Asker: 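My structure is below; once you've seen it, I'll send some questions.
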Amino acid sequence: MEYQYIVQAVGFSAVIFTLAVYQSNKRHRMLGLATIAACLFASHFFLLGAMTGAAMNLIGAARSYVFMKVKPRKHNRWILFTFLAAAVLATAATWHGPVSLLALLGTMCSAVSSWQRSPKLIRRFALATPFPWFAYAVLTGS
């Protein structure tokens with residue numbers, strides 16, 4: 001029982017960091033906070049045994065960190081596609097039924113959102129991200 005409280009506290013901490021992402025007006029800070037949130041969510045889903053969610057968030061943490069260092073440009077769009085491909089491969093490797101597709105969809109929406117240049121566009125594109133992640137969280141006991 002206490003274990004479950006710890007797991008949920010880690011998840012709640014991740015939510016707090018996620019909310020903080022969208023309070024910032026600087027892309028670099030947004031992506032730094034997103035890196036921390038993704039690490040916390042990866043831990044949370046790992047502790048729940050939801051391996052697709054854990055893998056997607058590990059990829060998300062790496063992606064946010066890389067995107068923090070690289071500015072989105074046409075000539076380096078391959079970086080975005082590399083992270084999208086990694087998400088597809090990780091989903092296949094951790095497949096736990098159709099619920100895994102929700103984590104993949106949330107990750108793909110987040111990747112496209114994070115690739116935007118301005119904080120305003122990041123927020124706009126991020127509007128689609130919470131819906132598949134919320135459904136995944138509910139279905140995995142988060």
Side-chain angles (χ1 to χ4, degrees), residues 1-73 76-142:
M1 184 66 100
E2 286 180 30
Y3 176 77
Q4 195 64 8
Y5 289 123
I6 293 168
V7 172
Q8 297 306 334
V10 171
F12 183 75
S13 301
V15 169
I16 297 300
F17 275 94
T18 301
L19 293 174
V21 167
Y22 302 103
Q23 301 307 309
S24 180
N25 286 324
K26 296 189 190 284
R27 181 178 186 274
H28 189 270
R29 182 168 172 80
M30 291 175 88
L31 293 171
L33 290 166
T35 302
I36 295 167
C39 288
L40 288 167
F41 271 125
S43 300
H44 172 70
F45 285 120
F46 177 79
L47 292 170
L48 284 174
M51 294 308 155
T52 304
M56 294 300 103
N57 278 285
L58 285 174
I59 291 169
R63 181 195 67 233
S64 293
Y65 181 78
V66 169
F67 286 7
M68 198 168 52
K69 304 291 182 188
V70 176
K71 294 203 184 236
R73 304 270 192 255
N76 63 3
R77 199 178 310 160
W78 63 270
I79 298 169
L80 170 63
F81 293 119
T82 299
F83 280 105
L84 293 173
V88 170
L89 291 174
T91 300
T94 61
W95 183 256
H96 196 70
V99 70
S100 295
L101 294 174
L102 292 168
L104 175 62
L105 180 60
T107 296
M108 292 182 130
C109 291
S110 180
V112 171
S113 167
S114 299
W115 186 249
Q116 304 309 307
R117 290 184 190 176
S118 77
K120 185 177 181 179
L121 286 175
I122 290 172
R123 284 197 240 350
R124 278 194 190 150
F125 278 88
L127 291 174
T129 302
F131 300 107
W133 272 117
F134 181 76
Y136 180 81
V138 168
L139 292 170
T140 58
S142 173

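Heavy atoms only: backbone and side chains are in, while hydrogens, waters and symmetry mates are out. In this text, all values refer to a predicted model and were calculated from it rather than measured experimentally.
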Asker: Taking the side chain as everything from C-beta on, heavy atoms only, tell me whether Pro72 gets closer than 4.5 Å to Arg27.
Answerer: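 Result yes, sub-4.5 Å side-chain heavy-atom pair found.
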
Asker: Measuring from atom CG of Leu101 to atom OG1 of Thr107, what distance do you get when rounded to the nearest 0.5 angstrom?
Answerer: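 One finds 11.5 Å between CG of Leu101 and OG1 of Thr107.
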
Asker: Counting only heavy atoms not in Tyr22 (residues, nucleotides, ligands), do more than 12 fall under 6.0 Å from its OH?
Answerer: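 Buried by this count: over 12 neighbours within 6.0 Å.
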
Asker: I'd like to check Ser110 versus Arg63 (side-chain heavy atoms, cut-off strictly below 4.5 Å). Are they in contact?
Answerer: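 Ser110 vs Arg63: side chains touch.
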
Asker: Test side chain to side chain contact (heavy atoms under 4.5 Å, CB included) on Ser142 and Val138; report intermediate values, then the result.
Answerer: CA-CA 6 Å; Ser142 173; Val138 168; over 6 Å; no

Asker: Can you list every ring pair (Phe, Tyr, Trp, His ring centres under 6.0 Å) pair that touches residues 93-117, not counting sequence neighbours?
Answerer: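 Passing the test, one end in residues 93-117: Phe67-Trp115.
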
Asker: Give every donor-acceptor pair under 3.5 Å between a side-chain atom in residues 119-126 and any protein atom, sequence neighbours left out.
Answerer:
from, atom 1, to, atom 2, distance (Å)
Arg123, NH1, Pro119, O, 3.0
Arg123, NH2, Ser24, O, 3.4
Arg123, NH2, Asn25, OD1, 2.8

Asker: Between Thr140 (side chain) and Ala137 (backbone), is there a donor-acceptor pair under 3.5 Å?
Answerer: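 Yes: the side chain of Thr140 pairs with the backbone of Ala137.
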
Asker: Residues two or more places apart in sequence or in another chain: which of them pass ring-ring contact (aromatic ring centres under 6.0 Å, His included) with Tyr136?
Answerer: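 So Tyr136 forms a ring-ring contact (aromatic ring centres under 6.0 Å, His included) with Phe45, Trp133.
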
Asker: Heavy-atom distance under 4.5 Å between the side chains of Arg29 and Leu33, does that happen here?
Answerer: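 The answer is yes; the side chains approach within 4.5 Å.
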
Asker: List the atom pairs, with distances to 0.1 Å, where a side-chain N or O of residues 76-88 and a protein N or O form a donor-acceptor pair under 3.5 Å, not counting sequence neighbours.
Answerer:
from, atom 1, to, atom 2, distance (Å)
Asn76, OD1, Arg73, N, 2.9
Asn76, ND2, Lys71, O, 3.0
Thr82, OG1, Trp78, O, 2.8

Asker: Under 3.5 Å, sequence neighbours excluded: what are the donor-acceptor pairs made by side chains of residues 8-20?
Answerer:
from, atom 1, to, atom 2, distance (Å)
Gln8, NE2, Gly141, O, 3.2
Ser13, OG, Ala9, O, 2.9
Thr18, OG1, Ala14, O, 2.9

Asker: Using residues 51-60 as the side-chain source, report each donor-acceptor pair under 3.5 Å to any protein atom, sequence neighbours left out, with the distance given to one decimal.
Answerer:
from, atom 1, to, atom 2, distance (Å)
Thr52, OG1, Thr94, O, 2.9
Thr52, OG1, Thr94, OG1, 2.8
Thr52, OG1, Ser100, OG, 3.0
Asn57, ND2, Gly53, O, 2.8

